[in-house]
Amino acid sequence: TGLTSEEVDALFLAGLPGPATELGLGTAAASAQAKLIAGLPLEWREQAERVRTRLHVDPRDWYRVADTPQFLREVAEAVWNGRVLHLRYESWRGGGEHQLEPLGLVLKAGAWYLVARAAREVGGARIGTYRLASIHALQVVPRGFRRPRGFDLAAFWAASTARFEAG
C-alpha cells in the first residue's frame with residue numbers, strides 16, 4: 001500500500017469508535033479497520049493489534065453524560081452532501097430560526113458542534129459555531145450551496161477556539 005508502520009498506527013488512532021458509531025458509521029469503520037489489518041504484512045498486523053489493545057481514547061470529560069444530539073446524523077448527511085439546513089436553535093443568547101450552510105462538524109470533549117454560514121449571507125458572511133444539542137427542530141432543505149473557496153475547518157476551529165478562550 002505504500003503505508004509506513006507509523007502511518008498505520010496513526011490511522012488506528014484516528015478511528016475513534018464512539019464518534020463513528022454516533023454518526024452511524026460504526027459498522028463501516030470496524031469493517032474498514034478489519035480490511036486494513038488483513039492487507040498489512042504480518043509484523044505490522046501484530047503492531048496494529050498492540051496499539052489497538054494498549055491505547056483507548058475517551059473523548060468525554062469526567063462527570064459528563066454522553067451528548068449524542070438528536071439530529072447528529074441528519075446534520076452529518078447535510079454536511080457530507082452540501083445541503084442547506086433550516087433549524088430552530090436555542091443558545092445562551094436566546095432562540096431563533098436559522099437557515100445555515102453546513103461547512104463541517106467538530107467533536108470537542110464529547111460535544112458535537114456544527115460550523116456553518118448563514119444561508120443568505122454570501123461572500124464575506126460570518127461563519128459561526130452551533131452546538132448540536134441546542135438544535136430543537138431541523139429540516140434539511142433539498143437545495144445545495146457553494147462552499148467558501150479555501151475554507152479550512154481545522155484552521156477555522158483553531159482560530160475560533162483561540163478567540164473564545166481569549167474573550
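Below, each value reflects all heavy atoms present in this structure, side chains not excepted, and no hydrogens, waters or symmetry copies. Please read all numbers here as calculations on a predicted model, not as lab measurements.
Not counting sequence neighbours, Tyr130 has no partner by the side chain to side chain donor-acceptor pair (under 3.5 Å) test. Listed by chain and number, the residues in a ring pair (Phe, Tyr, Trp, His ring centres under 6.0 Å) with His86 amount to none (sequence neighbours excluded). Not a single side-chain contact (heavy atoms from CB on, under 4.5 Å) links Gln70 to another residue, sequence neighbours left out. Phe71 is linked by a ring pair (Phe, Tyr, Trp, His ring centres under 6.0 Å) to nothing, counting only residues two or more places apart in sequence or in another chain. Residues passing the side chain to side chain donor-acceptor pair (under 3.5 Å) test with Asp152, sequence neighbours excluded: none.
Distance CZ/Arg73 to CG/Leu132: 13.0 Å, rounded to 0.5 Å. Atoms CZ and CH2, from Arg131 and Trp112 in turn, are 12.5 Å apart once rounded to the nearest 0.5 Å. Distance CG/Leu87 to OG/Ser134: 10.5 Å, rounded to 0.5 Å. The CZ atom of Arg146 lies 10.0 Å from the CZ atom of Arg117; values are rounded to the nearest 0.5 Å.
Ile127 and Leu105 are not part of a single hydrophobic cluster, where members link through side-chain heavy atoms under 4.5 Å apart. Hydrophobic clustering (ILVMFWY, side-chain heavy atoms < 4.5 Å, transitive): Trp80 and Phe145 are in distinct clusters. Hydrophobic clustering (side-chain heavy atoms under 4.5 Å, transitive across Ile, Leu, Val, Met, Phe, Trp, Tyr) keeps Leu153 apart from Leu107. Under a hydrophobic clustering in which Ile, Leu, Val, Met, Phe, Trp and Tyr are joined whenever their side-chain heavy atoms come within less than 4.5 Å, directly or via other members, Leu138 and Leu72 fall into the same cluster.
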Check: residues 156-167 side-chain donor-acceptor pairs under 3.5 Å, at least two apart:
{"residue": "Trp157", "atom": "NE1", "partner": "Thr161", "partner atom": "OG1", "Å": "3.3"}
{"residue": "Thr161", "atom": "OG1", "partner": "Trp157", "partner atom": "O", "Å": "2.8"}

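Arg147 places a side-chain N or O within donor-acceptor distance of the main-chain N or O of Leu103, the cut-off being under 3.5 Å. Of the possible donor and acceptor atoms, none in the side chain of Tyr113 sits under 3.5 Å from a partner among the backbone N and O of Gly104.
Gly144 approaches Val84 most closely through the heavy-atom pair O-CG2, 4.1 Å. For the pair Pro69 and Ala133, the tightest heavy-atom approach, listed with the atom from each and the gap, is CB-N, 3.9 Å.
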#### Entry: Check against side-chain contact (heavy atoms from CB on, under 4.5 Å), Val106 and Thr129
CA-CA 9 Å; Val106 174; Thr129 302; over 6 Å; no
### Query
Given the rule in the side-chain contact (heavy atoms from CB on, under 4.5 Å) test, do Val75 and Ile135 qualify, once you have shown the distances and angles that lead to the verdict?
CA-CA 10 Å; Val75 170; Ile135 297 174; 4.3 Å; yes
### Task
Could you walk me through whether Val140 and Glu77 pass the side-chain contact (heavy atoms from CB on, under 4.5 Å) test, one step at a time?
CA-CA 9 Å; Val140 178; Glu77 284 294 319; over 6 Å; no
